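To start, the structure itself, in structure tokens.
Counting starts at 1 for both ligands and their atoms, following the listed order. Because only heavy atoms are used, hydrogens play no part in the values below, and waters and symmetry mates are left out as well, while side chains stay in. All of these numbers come straight from a predicted model, not from anything done at the bench. Along the sequence shown, residues carry numbers from 1.
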Amino acid sequence: MADTYLNFVSSGVGKTLAKKLGLPQPAHLRRHKPGAPLVPGPVLVLGPDDGPSDADDVAAALLGWDLDVRRHPVSGVRWGAVVLVLSEVTHPEQHSEHVLGLATTLRSLATGARVVTISRQATSSDAPALAAARHGVDGLVRSIAKELRGGATANGIVLAGDARAGAEGTLAPLRFFLSGKSAYVDGQFLTVNDADVVAPADLDKPLAGRVAVVTGAARGIGAAIAKTLARDGARLVLVDVPQAGEHLAKVANETRGTALQLDITAEDAGQRILEHAQARHGRLDIVVHNAGITRDKLLANMSEDKWDSVIAVNIAAQLRINDYLLASDAFRDAPRIVSLASTSGIAGNRGQTNYAASKAGVIGMVRSTAPLLAGVSGTANAIAPGFIATEMTARMPLATREVAARLNALKQAGRPVDVAEAVAFLASPDAGAVTGQVLRVCGQNLVGA
Ligand code: NAD
């Protein structure tokens, strides 16, 4: 969907006008293009350099990806990315050296550059100064994200427990954050554990040999997820209600998947999905719970039907399907569950008590499903999209839509593909160290929570 405002303020006259009137000036985002380099310039790795360090390990790994890696800021370079390794910092006073190193580069970042921090999780058993140093990174990254321009983003990776900076479990989210696939992810963190993760043999086809089901795949975000998973090599089962059968068949054709007309609220939905996947593709590895509905009303005007239908589709169906799959023997080879939540489920939204309760429910569900899958190297995660331009949002009144679309650090709506890229990452084998998490794909939406 074209962003007319963005195109206007990117033009000569529009640019001048927007500047004069103090209007938001969004930039075209650097999205993934097959064959394009991972980052749009050299990568600066900042961190301790007076002995073996986590920063060394990260720099070595990035060199292994054939990137132009530097360890010190120099003038005259348009940086494609800066990776700030703060995992060994033990007191807030130690941040300044590295953070001020980053400061010197901010005016010479390439368009669509990335800033990524790697830090360690603060826990209540840490000494207070250590916890302060570790948790301080949270405010740092979220503020940098709000200061960056030109479609650049800032995100962080948090090492939990025995996770190591140079391990593949850390490098996989680092690759995602550096790439164009994370274009609309801004001001966010992914926590990684010490799970054994192996990089896929072919980085362009990380889902080769895997079978995925996508619910609500006939249109919008679900159709984009289907196309992105197919691009990454997955074979697909595409689910939607019978009324959407024609659109579903089209997406199935495009992605060489199989269509399964099914209302996910059916009691036996889990069984039908698994039987279909096994009969047509021989296995099932990935479930993307994307189907969702809104029935907005202020709570004072909420009917039983509006409340119940949203809970039934958005959370109860997911719980029932997961229960079935978790109890079966056929979902045990490093399975992946990725559920669509929403920023409304994090911050709440006027008129959306039912929707927000269902989406916050999704967040609760993935957190407690994650440990149930750990024994089979499985993961469960949620994606919380912000304002994504779909048929649904196109129907909003122009002024409301325009305001809602600009209320984020990137000052624009996301696209279905932005959500799809995040889903594809979490579904991939090398995201094995990321589990029980909620990743917001919202351009750092100012959600107010
Ligand atoms: P959409 O309405 O365009 O598509 C949803 C699809 O789900 C439709 O094809 C619909 O037929 C299908 N579906 C609905 N009920 C179903 C059922 N009972 N069984 C099977 N299929 C069913 O929505 P979208 O904008 O693409 O959103 C996709 C997901 O992302 C939803 O979970 C939504 O809540 C979430 N989300 C969207 C946005 C956004 O800005 N668009 C923001 C946050 C979260």
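Surrounding NZ of Lys250 are at most 12 heavy atoms belonging to other residues, nucleotides or ligands under 6.0 Å away. Residue Asp162 qualifies as open at atom CG: its count of foreign heavy atoms under 6.0 Å is 12 or below. Within a 6.0 Å radius of NE2 in His276, more than 12 heavy atoms belonging to other residues, nucleotides or ligands are found.
Between the side chains of His32 and Ser179, no donor-acceptor pair of N or O atoms lies under 3.5 Å. Looking at Asp305 and Ser303, their side chains never bring a donor and an acceptor atom within 3.5 Å of each other. A donor-acceptor pair shorter than 3.5 Å can be found between the side chains of Gln352 and Asp296.
Closest heavy-atom approach to atom 16 (C) of ligand 1 among the candidates Thr294, Leu340, Val241: Val241. Relative to atom 43 (C) of ligand 1, the option among Gly216, Ala394, Pro385 with the closest non-hydrogen atom is Pro385. When Gly222, Gly292, Gly386 are checked for heavy-atom proximity to atom 42 (C) of ligand 1, Gly386 turns out nearest. For atom 8 (C) of ligand 1, the nearest non-hydrogen atom from the set Leu260, Leu262, Ile221, Asp240 comes from Asp240.
In this structure, the protein non-hydrogen atom closest to atom 23 (O) of ligand 1 is Met392 SD, 4.4 Å. The protein heavy atom nearest to atom 2 (O) of ligand 1 is Arg219 NH2, 2.7 Å. Counting protein heavy atoms only, atom 40 (O) of ligand 1 is closest to Ile388 N, 3.1 Å. Protein heavy atom in closest approach to atom 35 (C) of ligand 1: Tyr355 OH, 3.8 Å. Protein heavy atom closest to atom 14 (C) of ligand 1, with residue, atom name and distance, is Ile293 CG2, 3.7 Å. The protein heavy atom nearest to atom 28 (C) of ligand 1 is Asn290 OD1, 3.1 Å. The single protein non-hydrogen atom nearest to atom 22 (C) of ligand 1 is Ala291 CB, 3.6 Å, given as residue, atom name and distance. Of the protein's non-hydrogen atoms, Asp263 OD1, 2.8 Å is the one closest to atom 18 (N) of ligand 1.
Proximity of Lys359 to ligand 1, defined as any heavy-atom pair under 4.0 Å, is confined to the side chain (atoms from C-beta onward). Only side-chain heavy atoms of Thr390 come within less than 4.0 Å of ligand 1; its backbone N, CA, C and O stay farther off. Contacts of Ala384 with ligand 1, taken as heavy-atom pairs under 4.0 Å, are absent altogether.
Contact atoms of ligand 1 toward Ser342: 43 (C), 44 (C) (distance under 4.0 Å to a heavy atom of the residue). Heavy-atom contacts of Gly220 reach the following atoms of ligand 1: 26 (O) (cutoff under 4.0 Å). Within the listing of ligand 1, atoms 44 (C) sit less than 4.0 angstrom from a heavy atom of Ala341.
Val310 and Ser358 get closest at one heavy-atom pair: CG1-OG, 3.8 Å.
In this structure, Asp186 contributes its side chain and Thr153 its backbone to no donor-acceptor pair below 3.5 Å.
Using a 4.5 Å heavy-atom threshold, the side chains of Asp333 and Arg283 count as touching.
Residue-to-ligand polar distances place Ile264 within reach of ligand 1: an N/O pair is separated by less than 3.5 Å.
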Take Glu421 and Arg231, measure what salt bridge (charged side-chain N to carboxylate O under 4.0 Å, His left out) needs, and give me the verdict at the end. CA-CA 10 Å; Glu421 295 286 13; Arg231 176 202 69 191; 2.8 Å; yes
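Between Leu102 and the options Thr117, Val82, Leu44, Val83, a side chain to side chain contact (heavy atoms under 4.5 Å, CB included) holds for only Val82.
Classification of the Phe176-Phe425 ring pair by plane angle, with boundaries at 30° and 60°, yields parallel.
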